[in-house]
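Take a look at the structure below.
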Amino acid sequence: MIRSRMYINGEFVESEGGGWLPVYDPSTEEIIAEVPDGIAADIDRAVRAARAAFDGGLWSQTTAQERGRMLFRLADKIRAEATALAETECRNSGKPIVEAEYDITDAATCFEYYGGLATKIQGFVNPVPDNALSLSLREPVGVAGQIIPWNYPLLMSAWKLAPALAAGCTCVLKVAEQTPLSALMMASWLTEVGFPAGVINIVTGLGETAGAPLVAHPGVDKIAFTGSSAVGKLILKSAADTVKRVTMELGGKSPNIFFADADFEAAIDGALFGVFINQGEVCSAGSRILVERSIYPKFVDAMVAKAKTIKVGPPMDRETKMGALVSKEQYDRVLSYQEIGRKEARLVSGGGRVRSLPHGYYVEPTIFADVDNSSRIAQEEVFGPVAAVIPFDNEADAIRIANDTPYGLAAAVWSRDIFRVMRAVKAIRAGIVWVNHMQPTYVEAPWGGFKQSGFGRELGPWGIEEYLETKQVHINLSEQPIGWY
Ligand code: NAI
Ligand code: MG
């Protein structure tokens, strides 16, 4: 059994509680490693290390250029080790190897992007009406506590760590209990690429016993969270006690809207890609497929025909388009939603586990048609390969249905009519709207939700803003006394 330890203050350590958690390969259901079952004492140790590195430690003395170069070196190392990282990611998460390779490349690109941005954080001179120099300085928010999910393990680590480090923060990253291995592999290179001890701490453990104490810790200045709405709400409440800055990315129930004039072939492809990529374990999954009624029957038939050709199989197979779901818990959850769906709508494709694969959490690409938008499979995030297809009558109807959800992370609109597209873009309440595509994500562009999908933005210059405070400095240039008394 491989025991991967967690990374605190520049060292690989076990939990002070002495416990270990199993890590699975979800495509075989076998245990492939163990990681420390982190507890509050471990979180405390990590936060103290991050605090010391930030408060007058080595990190606070680095220049932005030095921080940027460390991020570049980390990116180079990730690219050099991409094969091993992608295999680890693939085995631990169940996602297809080809997708894992993209994730690793994107993680490296994210570190490079923020390495470059480190030297572009600029202050401001405020035009105050006095004989004074008024400045706005940008300073790192301090120690960042970061909690990530299992669907993009290394990439989510990069989205969290890179902007924080570029801003000059130090970090305690709590990885998902299901998928700790790629981030721990990266941890083994941090000293070599130059990060002083304590700057990056990567802790393992469960949400309640390791995540919750990180949120409550008074030594943490900011929490960045990606995960479920239920946990996001708990974190918000807990963070209130210490008035932490918080950013939240809580997923969604994103509409993928198809008007009758859309390119039909591209539309079918886009509908399937939008919801089945990464086995549907995507926060922005286009899980509500809204189709104009005049093309609806033909559209559903074409989706079903093409869905049957999607190759579900072993994640390491390069032909595989859908691997295994990440865990038994997620598999049970998705199957239970399929049961709910059978009662609420018309099952037209899939609907169960993949019978030809007896081991592993493989679920068929599943499509429900004639879904009512008020039903549970149209309102609740499934986070698996389950599509809800909903017909609409006209543009107003489409917009109404699209917005009829507590979520607001993403949406897509397919049409050749630019005027209709732009009306829809404006009317849809979501943080990301794709037109004639769904899912491409770029480190240069903002990512985050409206409504109950969360708040704050990751990526691009917006991502670094979330790790910066603004300090006003007023320098009196008048040599006269204030003269009030
Ligand atoms: P989760 O929200 O429980 O886990 C995400 C992270 O939060 C993990 O690192 C976990 O350890 C941590 N966590 C859990 N409870 C915590 C607590 N009380 N305090 C602090 N940290 C805590 O998500 P889970 O259970 O893995 O998946 C359940 C559902 O959440 C999914 O079916 C999906 O609908 C949604 N989800 C959304 C994601 C997104 O990208 N927005 C990602 C993963 C899941
Ligand atoms: Mg959970």
Smallest separation among heavy atoms of Leu325 and Val334, with atom names: CD1-CG2, 3.6 Å

After noting the C-alpha distance and the side-chain angles of Ser287 and Glu381, does the key distance pass the side chain to side chain donor-acceptor pair (under 3.5 Å) rule? CA-CA 8 Å; Ser287 50; Glu381 187 175 49; over 6 Å; no

In the structure I gave you, are the side-chain heavy atoms of Glu364 and Val354 within less than 4.5 Å of one another anywhere? yes

Exam field: side chain Arg457 to backbone Glu465, donor-acceptor pair closer than 3.5 Å: no

Salt-bridge present (Arg3, Glu34; N to O < 4.0 Å): yes

For Glu89, does its backbone N or O pair with a side-chain atom of Ser93 as donor and acceptor, under 3.5 Å? yes

Is there a salt bridge (charged side-chain N to carboxylate O under 4.0 Å, His left out) between Arg69 and Glu66 once you walk through the steps? CA-CA 5 Å; Arg69 288 188 191 122; Glu66 288 166 334; over 6 Å; no

Heavy-atom neighbours of His474 NE2 exceed 12 at 6.0 Å: yes

Would you say Lys120 and Ile464 make side-chain contact, with heavy atoms under 4.5 Å? no

Answer with yes or no whether the side chains of Tyr407 and Ser229 bring together a donor and an acceptor at under 3.5 Å. yes

Assess, by modelled atom type and distance only, whether the side chains of Ser327 and Gln178 contain a donor and an acceptor separated by less than 3.5 Å. no

Could you give the distance from CG (Leu161) to CG (Leu173), rounded to the nearest 0.5 Å? 5.0 Å

Minimum heavy-atom distance between Ala167 and Ile121, given as atom pair plus value: CA-CD1, 3.9 Å

Taking Gly460's backbone N and O only, do any of them form a donor-acceptor pair with Tyr114's side chain (distance below 3.5 Å, no angle check)? yes

Stepwise, does the side chain to side chain contact (heavy atoms under 4.5 Å, CB included) test hold for Leu409 with Cys283? CA-CA 8 Å; Leu409 181 57; Cys283 51; 3.8 Å; yes

Please check: side-chain N/O of Asn256 versus main-chain N/O of Ile289, any donor-acceptor pairing under 3.5 Å? no

Find out whether Phe225 and Val215 are in side-chain contact, i.e. whether some heavy atom of one side chain is under 4.5 Å from a heavy atom of the other. no

Looking at every heavy atom in both Gly408 and Lys451, which two are closest together, and how far apart are they? N-CB, 4.2 Å

Can a cation-pi geometry be assigned to Lys95 and Tyr152, taking NZ or CZ under 6.0 Å from the six-membered ring centre and within 45° of the ring axis? yes

Just checking Arg138: does its CZ atom have more than 12 heavy atoms from other residues, nucleotides or ligands closer to it than 6.0 angstrom? yes

Taking the side chain from Asp42 and the backbone from Ser15, do they hold a donor-acceptor pair closer than 3.5 Å? no

Among side-chain atoms of Ser254 and Arg288, is any donor-acceptor pair under 3.5 angstrom? no

Please step through side chain to side chain contact (heavy atoms under 4.5 Å, CB included) for the pair Lys253 and Val382, ending with a clear verdict. CA-CA 9 Å; Lys253 197 74 196 175; Val382 177; 3.8 Å; yes

For Arg73, is the CZ atom crowded, meaning more than 12 foreign heavy atoms sit under 6.0 Å from it? yes

Exam field: side chain Glu344 to backbone Arg376, donor-acceptor pair closer than 3.5 Å: yes

About how many Å separate OG1 of Thr170 and CG of Asn201, when rounded to the nearest 0.5 Å? 7.5 Å

With a 4.5 Å heavy-atom cut-off, do Gln330 and Gln279 have their side chains touching? no

Report yes if some heavy atom in the side chain of Ile401 is under 4.5 Å from a heavy atom in the side chain of Pro255; otherwise report no. no

Scanning both residues in full, the closest heavy-atom pair of Thr204 with Pro180 reads CG2-CB, 3.9 Å

Within a 6.0 Å radius of atom CZ on Arg91, are there more than 12 heavy atoms belonging to other residues, nucleotides or ligands? no

Would you check if the side chain of Asp332 reaches a backbone N or O of Glu329 as a donor-acceptor pair within less than 3.5 Å? no

Atom CD of Glu208 with >12 non-hydrogen neighbours under 6.0 angstrom: no

Between Ser4 and Trp20, is any pair of side-chain heavy atoms under 4.5 Å apart? no

When you look at Ile8 and Val172, which way does the side chain to side chain contact (heavy atoms under 4.5 Å, CB included) test go after all the steps? CA-CA 9 Å; Ile8 297 177; Val172 178; over 6 Å; no

Nearest heavy atoms of Pro385 and Val363, plus distance in Å: CG-CG1, 3.9 Å

May I ask you to decide if the ring planes of Tyr361 and Tyr331 are parallel, tilted or perpendicular, using 30° and 60° as cut-offs? tilted

Is the positively charged end of Lys321 above the ring of Phe276, judged by distance under 6.0 angstrom from the centroid and angle within 45° of the axis? no

Using modelled atom types and a 3.5 Å cut-off, is there a donor and acceptor pairing between side-chain atoms of Gln146 and backbone atoms of Lys160? yes

Determine, stepwise, if the pair Arg45 / Glu11 fulfils salt bridge (charged side-chain N to carboxylate O under 4.0 Å, His left out). CA-CA 12 Å; Arg45 198 158 38 137; Glu11 289 173 7; over 6 Å; no

To the nearest 0.5 Å, atom CG of Asp37 lies from atom CE of Met6 at 8.5 Å

Between the side chain of Gln379 and the main-chain N/O of Asp404, is any donor-acceptor distance below 3.5 Å? yes

Salt bridge or not between Lys311 and Glu319? Use side-chain N to carboxylate O under 4.0 Å. no

Counting C-beta onward and ignoring hydrogens, is there a side-chain heavy-atom pair between Ile202 and Met186 closer than 4.5 Å? yes

Flag yes if more than 12 heavy atoms outside Glu29 fall under 6.0 Å of its CD atom; otherwise flag no. yes

Aromatic rings Trp59 and Phe195: how do their planes relate, parallel, tilted or perpendicular, breaks at 30° and 60°? tilted

Pro314 side chain reached by Ser27 side chain, heavy atoms, under 4.5 Å: no

Between the side chain of Asn9 and the main-chain N/O of Ala49, is any donor-acceptor distance below 3.5 Å? no

How far does CD of Glu444 sit from OG1 of Thr109, to the nearest 0.5 angstrom? 8.0 Å

So how far is it from Leu154 CG to Ile104 CD1, rounded to the nearest 0.5 Å? 4.5 Å

Of the non-hydrogen atoms in Arg353 and Leu335, which two are nearest, and what is the gap between them? N-CD2, 4.2 Å

Decide yes or no on side chain to side chain donor-acceptor pair (under 3.5 Å) for Lys222 and Thr247, but give the supporting numbers first. CA-CA 8 Å; Lys222 182 221 155 83; Thr247 46; 3.0 Å; yes

CG (Leu459) and CD (Glu466) are apart, to the nearest 0.5 Å, by 11.0 Å

More than 12 heavy atoms of other groups within 6.0 Å of Gln452 CD: no

Within a 6.0 Å radius of atom CD1 on Ile475, are there more than 12 heavy atoms belonging to other residues, nucleotides or ligands? yes

If the threshold is 4.0 Å, N to carboxylate O, is there a salt bridge linking Glu101 and Arg318? yes

